[in-house]
Amino acid sequence: MLDVIVRERRLRWPIAAHFEATVRGQTVRAVERRAKYILIRFDTGTLILHLGMSGSLRLVKLDTTPKAHDHWDIRVDSGWILRFHDPRRFGSLHWTDTDPALHPLLAKLAAEPLSREFDGEYLYRATRKRSVAVKQFIMNSQVVVGVGNIYASEALFRAHISPRRAARRLSRKEATALAKAIKDVLGEAIKIGGTTLRDYVNADGAPGYFRQKLFVYERKGEACRVCKTAVKQFVQGQRSTYWCSTCQV
DNA sequence: ATGGGCACCTGGCTGC
DNA sequence: TGCAGCCAGGTGCCCA
């Protein structure tokens, strides 16, 4: 890496003052992921980044003029710039010189949804004694990571479970169906590039096509694809929840 | 320990 | 056409 340029330090957490000096001149050794955090490993530490709701990373040519909301650049030896763009500034950038798994943002994260560890039995065990609504429960990163607002509604639809059900009211069979639904929904969505609701595009400029596969999300008032009942919407924890009152109990 | 609510931002869409 | 109001793909933190 040749250089680091920060134009806007006010992301979700301010970028540390010594950040550029710490990272400048180092060599990228590996790129990994944990939950929705991207980990870029260098010789003396790891960069932890999150894209928030509106962030994106692009490789641009060296002389590309920065646009509004292009908050930082990492200039690499190959002559390209890794550029972070984030209109809402919900993204973040951290540096750690110890094991990133121990970083406060990562230390308490639960299982990866697509891992073998996350299965029906794991979810069933986790739901015991939890009175919170199951939709909020599966969006809790201390239960399972990676389940955002769209996929929470979709997974519950596929598992035929009402989003309002108390987590502890799930049977072992339902927990198993829900764990499978979470894996299926995320796996399928990833395969076709995610869900483009408005303007999201991937690094090549292509939208995600999972929107066409949504059963309930943003379909309020439209006919359920299974039973034709009008899809309902309400708010849980300040987030919109969509569901079919006929298919989900 | 758990659950609920708030916070951080800008931009795009809706409806008057 | 202009503009106010509302809503949004996330998630950590504070408080009861």
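Throughout, protein chains are lettered first and strands after them, A, B, ... in sequence-line order, and every chain is numbered starting at 1.
Backbone-only contact: A/Arg89 has heavy atoms under 4.0 Å from sugar-phosphate atoms and none from a base. Across all strands, A/Ser54 comes closer than 4.0 Å to no nucleic acid atom at all (heavy-atom distances). Residue contacts shown for A/Lys129 are absent, as no nucleic acid heavy atom lies under 4.0 Å away. Within the 4.0 angstrom heavy-atom criterion, no nucleotide atom of any strand lies near A/Phe210.
Ring-base stacking between A/Phe90 and B/dC8 is satisfied, the centre separation being under 5.5 Å and the plane angle under 30°.
For the side-chain contact (heavy atoms from CB on, under 4.5 Å) with A/Val231, the qualifying choice from A/Phe215, A/Tyr242, A/Trp243 is A/Tyr242, the only one to do so.
Taking side-chain N and O atoms only, A/Ser141 has a distance below 4.0 Å to OP1 or OP2 of C/dG12. In terms of phosphate contacts, A/Ser240 brings no side-chain nitrogen or oxygen within less than 4.0 Å of OP1 or OP2 of C/dC7. Checking the phosphate oxygens (OP1, OP2) of C/dG10, no side-chain nitrogen or oxygen of A/Tyr151 falls inside 4.0 Å.
Using P as the reference atom, B/dC9 and C/dC3 are 25 Å apart when rounded to the nearest Å.
A distance of 5.0 Å separates OH of A/Tyr124 from CZ of A/Arg172, quoted to the nearest 0.5 Å.
Between the C1' atom of B/dG5 and the CD atom of A/Gln136 lies a distance of 11 Å, rounded to the nearest Å. One atom, CD of A/Gln236, and another, P of B/dG5, lie 12 Å apart when rounded to the nearest Å. At whole-Å resolution of the value, CZ in A/Arg12 and C1' in B/dA7 are 8 Å apart. Note: CD (A/Glu8) to P (B/dC9) measures 9 Å, nearest angstrom. The distance from atom CZ of A/Phe84 to atom C1' of B/dT10 is 13 Å, rounded to the nearest whole Å. One interatomic measurement links the two molecules: CD of A/Glu218 to C1' of C/dA8, which rounds to 8 Å at whole-angstrom precision. One interatomic measurement links the two molecules: CZ of A/Arg239 to P of B/dG3, which rounds to 19 Å at whole-angstrom precision. Straight-line distance from the CG atom of A/Leu49 to the P atom of C/dT11: 13 Å, rounded to whole Å.
By the 6.0 Å contact criterion, CZ on A/Arg169 is open, its count of non-hydrogen atoms from other residues, nucleotides or ligands being 12 or less. Within 6.0 Å of CZ on A/Arg9 lie more than 12 heavy atoms contributed by other residues, nucleotides or ligands.
Between A/Arg7 and A/Asp73, at least one side-chain N (NZ, or NE/NH1/NH2) sits under 4.0 Å from a carboxylate O, which counts as a salt bridge. Ion pair A/Arg125/A/Glu121 flagged as a salt bridge, since at least one NZ, NE, NH1 or NH2 atom sits closer than 4.0 Å to an Asp/Glu carboxylate oxygen. Using a cut-off of 4.0 Å between Lys/Arg side-chain N and Asp/Glu carboxylate O, A/Glu188 and A/Lys213 are scored as not salt-bridged.
When the nucleotides B/dT2, C/dT11, B/dC6 are ranked by their closest atom to the side chain of A/Lys36, C/dT11 comes out on top. With distances taken from any side-chain atom of A/His50 to the nucleotides C/dG10, B/dG3, C/dG12, the minimum falls on C/dG10. Comparing atom distances between the A/Asn149 side chain and each of C/dG10, B/dG3, C/dG12 picks out C/dG10 as nearest.
For the pair A/Arg88 and A/Phe90, the cation-pi test (distance below 6.0 Å, angle within 45°) is passed. Relative to the ring axis of A/Phe157, A/Arg225 does not place its NZ or CZ within 45° and under 6.0 Å from the centre.
Look at C/dC15: its Watson-Crick or wobble partner, with both distances under 3.5 angstrom, is B/dG3.
Within residues 94-113 of chain A, no residue places a heavy atom under 4.0 Å from DNA chain B.
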Every protein N/O within reach of nucleotides 11-14 of chain B N/O, cut-off under 3.5 Å:
from	atom 1	to	atom 2	distance (Å)
B/dG11	OP1	A/His69	NE2	2.5

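You'll find the ring centres of A/Phe19 and A/Trp95 outside the 6.0 Å limit.
By the 4.5 Å heavy-atom criterion applied to side chains, A/Asp3 and A/Arg24 are counted as neighbours.
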